[in-house]
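Notes follow the structure.
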Amino acid sequence: MKPLYLLLMLFTSHAFAEEIGSAYTARAKAGDSRAQYYLAETYYSSGNDGQAEVWAEKAARGGDVDAMALLSQIKYKHADYAGAKSLAQQATVAGSKQGAVMLARLLVNSEAGKTDYPQALALLTSAAEETENDAAVDAQQLLGLIYASGVGVAQDDVKAAFWFKRSSALSRTGYAEYWAGMLFQQGEKGFIVPNKQKAMYWLNLSCTEGFDTGCEEFDALSGE
């Protein structure tokens, strides 16, 4: 699954998605559920939710539990919180760490219903430790955001920085801090309240870590 938040997605052209997804197309059309899931991910990352949902549904019917987690993410994006939670719960029970991360995401967002931070933290901590699974990147990122936001738990920038650094180590140095800064700049209804000071703090840290885009966004926000 691609990184959790909408602003974490790579928005590319439909043609580019077709080109990247071509590695999976033949196998996906032949009924390979894992290839169908990867193809769905490719479409989702390109912003084509319709095709992502089509292929994720095929993969889920074929038994791919991570595809259920991706369907949950798609429904979450479109504010179908009940549908998202049901799918995330099913995926988690079936053993998907991606599903566990999505369930945690729903449990910390008040728009999705009653929050449960202790359960969310338990799910994320477990997923974060399985570093061979792509879900660890998202789990560590979300743990960092929880501690950075100070909602549901005491704000702790030291813990937040710890989890962001671990997440970035699995992707790219300064990347998690950059997206934390962007999320605090834009906010996420039900979870993150826009906060310019926090946005600048994490963007500056991203820049210090050597992520050039973090420097650019920090400079742009500083000039406002």
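All heavy atoms count here, side chains included; hydrogens, waters and symmetry mates do not. Throughout, residue positions are numbered sequentially from 1 according to the sequence presented.
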Could you walk me through whether R166 and E129 pass the salt bridge (Lys or Arg N to Asp or Glu O under 4.0 Å) test, one step at a time? CA-CA 10 Å; R166 287 191 65 180; E129 295 307 317; 3.3 Å; yes
Closest heavy-atom contact between S168 and A176? OG-N, 2.9 Å
Would you check if the side chain of Q51 reaches a backbone N or O of Y43 as a donor-acceptor pair within less than 3.5 Å? no
Keeping the roles fixed (side chain from N109, backbone from K189), state whether a donor-acceptor pair exists under 3.5 Å. yes
Mark yes or no for whether T92, through its side chain, and A100, through its backbone, hold a donor-acceptor pair below 3.5 Å. yes
Where do A67 and A56 come nearest, in terms of heavy atoms and distance? CB-O, 3.5 Å
Would you call K58 and D64 a salt bridge, taking side-chain N to carboxylate O under 4.0 Å as the test? no
Evaluate the salt bridge (Lys or Arg N to Asp or Glu O under 4.0 Å) criterion for residues D138 and R105: first the C-alpha distance (whole Å), next the side-chain angles of each, then the deciding distance (0.1 Å), finally the verdict. CA-CA 10 Å; D138 295 342; R105 183 179 179 185; over 6 Å; no
Please report the C-alpha distance between W55 and Y38 in whole Å, then the side-chain angles of each, then the deciding distance to 0.1 Å, and finally whether the ring pair (Phe, Tyr, Trp, His ring centres under 6.0 Å) criterion is met. CA-CA 9 Å; W55 286 105; Y38 288 138; over 10 Å; no
Looking at S126 and A122, would you say the former's side chain and the latter's main chain have a donor-acceptor pair under 3.5 Å? no
In terms of heavy-atom contacts, does NZ of K29 have more than 12 from other residues, nucleotides or ligands at under 6.0 Å? no
Worked verdict on K165 versus E177 for salt bridge (Lys or Arg N to Asp or Glu O under 4.0 Å): CA-CA 8 Å; K165 196 171 188 68; E177 295 85 350; 5.8 Å; no
In this structure, OG1 of T213 is separated from CZ of R172 (nearest 0.5 Å) by 6.5 Å
Going by the angle between their ring planes, with limits at 30° and 60°, are Y175 and Y178 parallel, tilted or perpendicular? tilted
Do L103 and V108 belong to the same hydrophobic cluster, where Ile, Leu, Val, Met, Phe, Trp and Tyr are linked whenever their side-chain heavy atoms lie under 4.5 Å apart, directly or via other members? no
Could you check whether any side-chain N or O of S167 sits under 3.5 Å from a backbone N or O of W163, counting only pairs where one atom can act as donor and the other as acceptor? no
Does the pair D32 and Y24 meet the rule for a side chain to side chain donor-acceptor pair (under 3.5 Å), with working shown? CA-CA 9 Å; D32 184 323; Y24 312 116; over 6 Å; no
Has T115 got a side-chain atom pairing as donor or acceptor with L107's backbone, closer than 3.5 angstrom? no
Test side-chain contact (heavy atoms from CB on, under 4.5 Å) on E217 and M182 and set out the steps. CA-CA 8 Å; E217 291 295 340; M182 294 299 291; 3.7 Å; yes
CD of Q90 to CG of L71, rounded to nearest 0.5 Å, is 10.0 Å
What heavy-atom pair brings T131 and A136 nearest, and what distance separates the two atoms? CA-CB, 3.8 Å
So, do F184 and V193 sit near enough that their side-chain heavy atoms are less than 4.5 Å apart? no
Polar side chain donor-acceptor pair, S86 to K75, under 3.5 angstrom: no
Within this structure, what is the OG-CG distance for the pair S149 and L142, rounded to the nearest 0.5 Å? 9.0 Å
Can you list the steps and then say if Q197 with Y201 is a side chain to side chain donor-acceptor pair (under 3.5 Å)? CA-CA 6 Å; Q197 183 178 1; Y201 177 84; over 6 Å; no
Out of curiosity, K198 NZ to I192 CD1, how far, rounded to the nearest 0.5 Å? 7.5 Å
Nearest 0.5 Å, please: how far is CZ in R61 from CD in Q36? 8.5 Å
Between the side chain of S96 and the main-chain N/O of Q98, is any donor-acceptor distance below 3.5 Å? yes
Same cluster (ILVMFWY, side-chain, under 4.5 Å), W202 and F191: yes
Answer with yes or no whether the hydrophobic clustering places I146 together with L205; edges join I, L, V, M, F, W, Y residues whose side-chain heavy atoms lie under 4.5 Å apart. yes
Hydrophobic cluster membership, Y44 vs L39, 4.5 Å side-chain cutoff: yes
Smallest heavy-atom separation, S206 atom then G174 atom, equals OG-O, 2.8 Å
I'd like to know whether D66 forms a side-chain contact (heavy atoms from CB on, under 4.5 Å) with R34, so could you lay out the CA-CA distance, the side-chain angles of the two residues, the decisive distance to 0.1 Å, and finally the verdict. CA-CA 9 Å; D66 289 335; R34 197 59 180 171; 3.1 Å; yes
Distance-minimising heavy-atom pair for A128 and A139: N-CB, 3.7 Å
Stepwise, does the side-chain contact (heavy atoms from CB on, under 4.5 Å) test hold for L123 with V101? CA-CA 7 Å; L123 289 166; V101 174; over 6 Å; no
Are V151 and Y117 close enough, and set up right, to give a side-chain contact (heavy atoms from CB on, under 4.5 Å), and what steps lead you there? CA-CA 9 Å; V151 177; Y117 275 79; 3.6 Å; yes
Roughly how far, to the nearest 0.5 Å, is the CD atom of Q186 from the CH2 atom of W179? 8.0 Å
Can you tell if the side chain of V153 reaches within under 4.5 Å of the side chain of Y147, non-hydrogen atoms only? yes
Closest heavy-atom pair, L145 versus L183, reported as atoms and distance to 0.1 Å, is CD1-CD2, 3.7 Å
